[in-house]
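Chain naming here is simple, since letters A, B, ... match the order of the sequence lines and numbering starts at 1 in each.
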Amino acid sequence: MTVIKPELFDSRSFIYRKHPQAEFAEVSGAAQVLSYADQSDPDTALIDLSVRPRFGLRGPKAGEALIAAGLMHPEQPNTLTVSDDGMMVLRLGRTEYWVLALPNAAAERDLDALQQQLSGSGIYPVYCHDSYTWLALAGEHLADIMAKVCAVDLREDSFAPGDLVMTSLARVGGIICHHPMAGKTVYSIFSDSASAAYLWDALLDAMAEFEGAPAGQNFLLSSQ
Amino acid sequence: MKIINCPLNGPRNSSEFVHGGELREMPDPNNCTDREWAEYVFYSDNQIGVITEWWLHAPSGYWFIAERHTGSDEILRTYDPSEIFTKRVEFSAKAESSQSEEITA
Amino acid sequence: MSSEKRLKAPMGLLIDREKPLSFSFEGKQYRGFAGDSIASALLANQQWLMSRSFKYHRPRAPLTMAGQDANTLVQLGGEPNVLADREMIREGISAEGQNYNGTLEGDKDAYLGHFGRFMPVGFYYRSFFKPMGVWDKWESFIRDKAGLGKLDLTFKPEYYDKKYLFTDVVVIGSGPAGLSAALKAADAGAKVLLVEEMPLLGGALTYNRFDIAGQQADSLRCELIDKVTAHDNIEVMTDTVCNAWVTDNYLPLIRGKRFYKLRAKECIVASGAYEQHVVFRNNDLPGIMLCSAVTRLMKLYAVRPGSRAVVLTGNDDGYLTALELLENGVEVAAIVDLRSEHPWPELLGAVKQKGVQVIQNSTVYEALPSKGNKHIRGVDIRTIVGEGEVSEFSTTLECDLLCMSAGYMPAYQLLCQAGAQLSYNDDAAEFTLSGLPQGVHIAGSVNGLHTLEAVLNDGANAAIRALRRLQLSDESEQPVSCLAKPNFSWPIFSHPKGKDFVDYDEDLQAKDIVNATRLGYRDVQLVKRFSTVGMGPSQGRHSALPTARLVAKSTERTVTQTGVTTARPPFAPEKLAHVAGRIFDPRRHTAMHHRHLELGAKMIPAGNWRRPAFYGDAAQRDRWIREEAEHVRSRVGLIDVSTLGGIEIRGADAAEFMNRIYTFAFLKQPVGKTRYAVLTNEHGVVIDDGVACRISEDHFYVTATTSGVERVYRDMTKWNAQWRLDVDILHVTSAFAAVNLAGPDARKVLQQLVDDVDLSAEAFPYLAYREGHVAGIPARLLRVGFVGELGYEIHVPTRYGEALWDALMDAGKAFDIRPFGVETQRLLRLEKGHLIVSQDTDGMSHPGELDLTWAVNRKKPFFVGCRSVDIVMAQPQTRKLVGFKLPLNSTKPEEGHLVLKGDKITGNVTSCEYSSASQAIIGLAFADIADSEPGSRISIRVEGEEIMADVVKLPFYDPENLRQEM
């Protein structure tokens, strides 16, 4: 059996070199970190989800199309929904949506087919799989950690599950989304794919005082 | 640091925003005088009082309009540009205009 | 080592007697306790002398014991200017005094004090100003004499960082007003952050005596602190300095190695007040302290400050200090009261009962020094006969401690930064604050209240005002009154022999301030700049009030009219490390970044991006660029162009939108074709360029320059916020990784990897656009000619970027493919005469100057800047960007070198390189319009030498463009 490594695939995470010791699994034609070897789960983890399937759409007809396709439509701008089968829909501003497969997404969900379905006039694709890296910060002290890189108040009282903010973190534009998974607080962070390595390091640095560490997507699947 | 209330994203630090200049009505570029055009491009009233400005919330790429008092720096109101720009803007063709494009790529 | 005798508990709130520590000062070992400041531990060991003054090198000892004076600045290891009365001792630390020559005890420069009258304000600048150059000779000597501390140039940076904080209500200061405000606000449900500069909550309750029995402060402090620490809604930050007030309650807080940026909805400033000194001769001798400093020493550190004290006071607090001293075994030789009125009768009775002599309507006129001005040994007391005037009759008292209090100055800094106005109340002889902005509240002694009851009520009132704004309460404020008037109106007794210090930091005497006004510096701001009053580390905490009074009197104005100088941030000195620590410096890497590193690229910044300049060591730069360029011309090269900006325009009005944004015509651009796209701003200046690909009728993919794309995107979205065209504008720079495969063998390399696009010249000609797969990766293909050879730009989704690079390098092996960098590309495009916007253009360049009129369509109704272009093009042109050539053996001009016509500067060189293809030095430069035709000559000034270059027709290389159209 071949050991799965990022370089086996043409499609690669923007920061796959940050995970030399990790265990991977194939996810839609690329290597997704499952876990970091020789490591018990930290209290706070930073997880690279960059290769996980997702697509974006926007335009005056995007919202209607989403509803027609049976996806959970976030009613307010800058909010998100998560369905039972692990599909997350972000609404960025008024007319832009991203559809993402969370690590617990049902395997039969075919995002390529869904994307085909969600096209037509008044709908424009957004290349969020390539423009943006997807990192997840999960576990404890998230608001404290984010307060070291971001000027928006992300404490639970002002940033509830289902909220998302478009802001600047560590001086890079980004989107921060609050969506609990497996009983843990999770902030998904989407930021410029070209700055992914920089942001990864900046977040790890901010996490250090809370003993945070990198981990794989299994961290988001196991209950504490 | 000043807080600006973005109509889309709510109150944020001013460092998230980019100033887009004062809102000004463009004279008809094909039929105004040179002076009218120069005043539009170069001159600003610079009066103390409430002015209407463009602001961009950079992380979301969202332009909006703010009414700000230049004396107190207080922002009195922010709103979506669609409140002012309600319909498609057209530019009148110049009198001798023809639609031919002699340059082909 | 002297064994120290501390006062018994409960004196010594801050020290832990179970934890003795040893440290050294000036090479000598001392012992103290955990919780001691360096200063308290030294004073406990009778070591008073801590530093020498800035100008006269006078011996100095603590004045405030609260970090508010410069007298305690010491060198702590590699760190200069550490406040010895704030810095806690740690085991084994080693501190030194500052600003002396030889030893602190025997400063060889102490003689400077005797020359005081020859060294008036501005002495150094005025004396060493002429003749020219003399300052340069004297500067290092003078800086040595006047410097503060020594920098350790071998220091290692430590980790300092920053964090944001958020709260409903912040309370600055945890004295009785702050504690009361915090509790009131928290009880109503507000989240409260209580910020205290000291290690202990309580402010004046920790050291001040408010009653004859001396019980009130402690019991109240314990009661309030218990409530505060138990309260779920209150977060406490001690050892934290709020260093400024910034718009909308944005407050920098410094604690340890972290710089916090707090955003508070409401801000309550209960910053307290600074006790003020009395100005008289030798008021800086060690052993002379503020009353509050003396009580701090006893209450916080259990240090007995002396054996025989004199108290000089303008208020009742001096009497309470006397009681505190007596209780702790210090003899009080006399209370010298500046006032003629008595304090409250019970207080007067209490001190008299203890046998203390009270001398009313009198002042200390001169403090008498021991040998070498090392300590006070007595005071010369005179009766006050007028404002600042004393009788000739003198009484001398021996003492080793003088405690003084002339009143209080509100800690106004943060509030004035918030916009409050200071005005002087002549009746109370006190500055008061008014005119606070919304959301900022004042409470306690900073608000001119001095009795405990008034201060507590005022704190609650401030909280009520904040709560009402937060809609957490509709309670009304309770009236507050305070009859105490602690300020004596003129505590300034100028002495003919001087050394009557107004400003200890800067060694400024009363006459220095008055002289400044006589020299014409009548405004207090000018007095400050001329005399440097208030510029020292204590920033006018003690000098502002006497200076205002002196300037007002000398210029015959009111103190309100005179005012104080602006209190700008920072409130307290902050380390550069706090500002510099953990600065975010984003770096952008392309998908092929690591391949470039593996290939030995010399990486250079391009905005936030890092790009390969060329591949090889920097020492042989010219060689690598030449080789890479020759390789592209003769074989095939590969360059990463992922940083190129990308924008997609989609929708029914896409072509109309393109037509309005860019100067060219786009309505009829055929699908599958690219077109050069130039952008002017409303001034008609060229601000960016790129290539527009028409993917379908309603879909354009347009590139922009690496540094310009952000602006182009913003401009586009702003325009369409007005035009309301049916169009979607998407910034896609990071979505695509891109390379340019260029050279005569480019097609052969690509052929191996593409089977769904016909790459033949006929099917896929120059300037065409195709979509297909390269090595199985979905790709956009553009036939471009930027470097002047057969070339394909290949754009793929970023996640595939590295695999694309690998596939092309692999397929190119047979053709000896070689990567080339951005500096090589600059040379190649220069050979083709292509300009780079912002390198070869400036803030004035219109299309006519750049020979771009071919790319401007003036038949369409509109493009951004069209009218300005019309106007400038109708005017006589004065300059033009031209190509020039020089022989290879000529001196090579650099970018920025001037182009001259006679004495007149006509422009500058914008690009210049050695070109092996042209066997010449080639470049672009702005030339006078008269010299812009090929065959003219232009004069370029290179390092003083004038070089004549030939103006030539562009491009330099392959003028028929045969090679790029292969």
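Per-residue counts of heavy-atom pairs under 4.5 Å with chain C were compared for A:Ser121, A:Ala143, A:Ala147, A:Ala206; the largest is that of A:Ala147. Counting heavy-atom pairs closer than 4.5 Å to chain A, the top residue among C:Ala735, C:Gly801, C:Pro797, C:Ala803 is C:Ala735. Between chain A and the options C:Leu804, C:Asp726, C:Asp806, C:Leu730, heavy-atom pairs under 4.5 Å are most frequent for C:Leu730.
Residues A:Tyr127 and C:Thr798 have side chains not in contact (no heavy-atom distance under 4.5 Å, counting atoms from C-beta outward).
Rounding to the nearest 0.5 Å gives a distance of 8.5 Å between NE2 of C:His731 and CG of A:Asp192. Note that CG of A:Asp130 is 13.0 Å distant from OG1 of C:Thr733, once rounded to the nearest 0.5 Å. A distance of 8.5 Å separates CG in C:Leu165 from CZ in A:Arg155, rounded to the nearest 0.5 Å. Interatomic distance, CZ of C:Phe584 versus OG of A:Ser168, reported as 9.5 Å (0.5 Å rounding). Going from atom CZ of C:Arg799 over to atom OG of A:Ser13 covers 11.5 Å, rounded to the nearest 0.5 Å. Put simply, CG on A:Leu154 and CZ on C:Phe166 are 6.5 Å apart, with the number rounded to the nearest 0.5 Å.
With a 4.5 Å cut-off on non-hydrogen atoms, A:Pro6 does not touch chain C at all. Contact annotation for A:Tyr16: only side-chain heavy atoms (C-beta onward) come within less than 4.5 Å of a heavy atom of chain C. In this structure, chain A has no heavy atom under 4.5 Å from any part of C:His593. Contacts of A:Val152 with chain C are made by backbone atoms alone, with heavy-atom separations under 4.5 Å and no side-chain atom involved. Interface residue C:Ile777: only side-chain heavy atoms are found under 4.5 Å from chain A. Of the two parts of C:Arg263, neither the backbone nor the side chain holds a non-hydrogen atom closer than 4.5 Å to a non-hydrogen atom of chain A. Neither the backbone nor the side chain of A:Cys128 comes within less than 4.5 Å of any heavy atom in chain C. For chain C, no part of A:Ala30 is nearby; none of its heavy atoms comes within less than 4.5 Å. With a 4.5 Å cut-off on non-hydrogen atoms, C:Asp698 does not touch chain A at all. With a 4.5 Å cut-off on non-hydrogen atoms, A:Asp201 does not touch chain C at all. Only the side chain of C:Phe736 comes within less than 4.5 Å of a heavy atom of chain A; its backbone N, CA, C and O stay farther away. Heavy-atom distances place no part of C:Ala737 under 4.5 Å from chain A, backbone and side chain included.
Inspection of non-hydrogen atoms places A:Arg58 of residues 56-68 of chain A under 4.5 Å from chain C.
Note on C:Glu598 versus A:Arg17: salt bridge recorded, some NZ/NE/NH1/NH2 to OD/OE distance being below 4.0 Å.
Between the side chain of C:Ser734 and the backbone N or O of A:Ser193, no donor-acceptor pair lies under 3.5 Å. Remark: side-chain polar atoms of A:Asp10 are not paired, donor with acceptor, to backbone N or O of C:Tyr800 under 3.5 angstrom. C:Arg650 places a side-chain N or O within 3.5 Å of a backbone atom of A:Pro125 that can act as its donor or acceptor partner.
Nearest heavy atoms, C:Arg582 versus A:Val149: NH1-CG1, 4.0 Å. Listed here is the closest heavy atom pair of C:Tyr164 and A:Cys150: CD1-O, 3.1 Å.
Shown here is A:Phe14, whose CZ atom has more than 12 heavy atoms of other residues, nucleotides or ligands within 6.0 Å. The number of heavy atoms from other shown groups lying within 6.0 Å of CD (A:Glu7) is above 12.
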Side chain to side chain contact (heavy atoms under 4.5 Å, CB included) for A:Asp205 and C:Tyr159? Distances and angles first, verdict last. CA-CA 11 Å; A:Asp205 180 64; C:Tyr159 188 93; 2.6 Å; yes
The test is salt bridge (Lys or Arg N to Asp or Glu O under 4.0 Å); show your working for C:Lys191 and A:Asp157 and say whether it passes. CA-CA 11 Å; C:Lys191 294 282 181 198; A:Asp157 288 349; 5.3 Å; no
Check the pair C:Lys163 / A:Glu209 against salt bridge (Lys or Arg N to Asp or Glu O under 4.0 Å), numbers first and verdict last. CA-CA 12 Å; C:Lys163 187 178 180 184; A:Glu209 72 174 294; 5.5 Å; no
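Between the side chains of C:Glu648 and A:Tyr124, no donor-acceptor pair of N or O atoms lies under 3.5 Å.
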